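Since the structure comes first, as structure tokens, the remarks are kept for the end.
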Amino acid sequence: MPGLAGDEFTQAVYDLVRLIPCGRVTSYGAIARCIGSAGAARRVGWALNQSFDVLPPVPAHRVVNRVGMLSGAMHFPPEAPMASQLEAEGVHIVGNQIVDLNRVFWEPWTALELTYNAEL
DNA sequence: CATCTGACCTAGT
DNA sequence: AACTAGGCCAGAT
């Protein structure tokens, strides 16, 4: 199964990120793999970069890198910093790094199950 | 047009 | 376990 191209990829990223529960996070690579484009983690970051003024809103602050670092923090608007939004949801940050990542990490394939159940 | 650079990750050594 | 190389692809230089 080849990777999605252009707008489809971007849409798939947005749809999946919108499913991340409050207080949980996931990673770029996990998202890429989940939408059938394993290895395209960088594209996920680029898509999210374009997502700030998209409706419905995309909770891009819930996406971090593999080890839990807030690698995209610098690209957030000053009035809504990434770390602040996560803290507001109960996700603790120390030095641009998520504390106890294992406890808040959300596996994207959970969304596939939800979709599957919803279609039954 | 060629090359470099990212909100990254995996696979190979 | 450390390290490298490669893949991904849109923008910037």
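Remember, it's a predicted structure, so these values are computed and weren't measured experimentally. So that the names make sense, note that chain A is the first sequence line, chain B the second, and so on, each numbered from 1.
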At under 4.0 Å, does any side-chain N or O of [X] touch on OP1 or OP2 of [N]?
X     : N     : value
A/S37 : C/dC8 : no
A/R42 : C/dC9 : no
A/S27 : B/dC8 : no

query = Given the C1' atoms of B/dA7 and C/dC3, what is the spacing between them in whole Å?
reply =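 Going atom to atom, C1' in each nucleotide, I get 24 Å.
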message = Taking any heavy-atom pair under 4.0 Å as a contact, classify A/N49: base, sugar-phosphate, or nothing.
response =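 The residue A/N49 makes base contact.
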query = A/A32 near the nucleic acid: base, sugar-phosphate alone, or nothing, with a heavy-atom cut-off under 4.0 Å?
reply =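 No contact.
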Please state how far atom [atom1] in [X] lies from atom [atom2] in [N], giving the value in whole angstrom units.
X     : N      : atom1 : atom2 : result
A/Q50 : C/dA10 : CD    : C1'   : 9 Å
A/R43 : C/dG7  : CZ    : C1'   : 12 Å
A/W46 : B/dC9  : CH2   : P     : 17 Å
A/L48 : C/dC9  : CG    : C1'   : 15 Å
A/M82 : B/dA7  : CE    : C1'   : 7 Å
A/I35 : C/dC8  : CD1   : P     : 14 Å
A/I98 : B/dA7  : CD1   : P     : 17 Å
A/Q85 : B/dA7  : CD    : P     : 18 Å

Candidates B/dA7, C/dC8, B/dC9 - which lies nearest the side chain of A/A41 =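 Closest of the options to the side chain of A/A41: B/dC9.
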Between the protein and nucleotides 10-13 of chain B, are there any N/O to N/O pairs under 3.5 Å, and if so, what are the atom names and distances?
| residue | atom | partner | partner atom | Å |
| --- | --- | --- | --- | --- |
| B/dT10 | OP1 | A/R33 | NH1 | 3.1 |

ask   = How close do A/P81 and A/F76 get, heavy atom to heavy atom, and via which atoms?
value =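 Smallest heavy-atom distance, with atoms named: CA-CB, 4.4 Å.
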query = What pair of heavy atoms forms the shortest contact from A/A32 to A/A40, and how long is it?
reply =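 Nearest heavy atoms, A/A32 then A/A40: CB-C, 3.9 Å.
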message = Donor-acceptor pair, distance only, cut-off 3.5 Å: does the side chain of A/T26 make one with the backbone of A/E107?
response =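 No, A/T26 side chain to A/E107 backbone: no donor-acceptor pair under 3.5 Å.
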ask   = Mind checking whether A/I98 and A/I31 sit in one hydrophobic cluster, side chains of I, L, V, M, F, W, Y counted as touching below 4.5 Å?
value =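 No, no single cluster joins them.
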query = Linking I/L/V/M/F/W/Y whenever any side-chain heavy atoms sit under 4.5 Å apart, do A/L19 and A/V104 land together?
reply =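 Cluster IDs for A/L19 and A/V104 differ.
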task = Go through the steps to decide whether A/N96 and A/M69 satisfy the test side chain to side chain contact (heavy atoms under 4.5 Å, CB included), and finish with yes or no.
result = CA-CA 6 Å; A/N96 231 41; A/M69 280 181 24; 5.8 Å; no
key: Six-ring centre of A/F105, A/R24 cation under 6.0 angstrom, axis tolerance 45°   =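 Cation-pi check for A/R24 and A/F105: fails.
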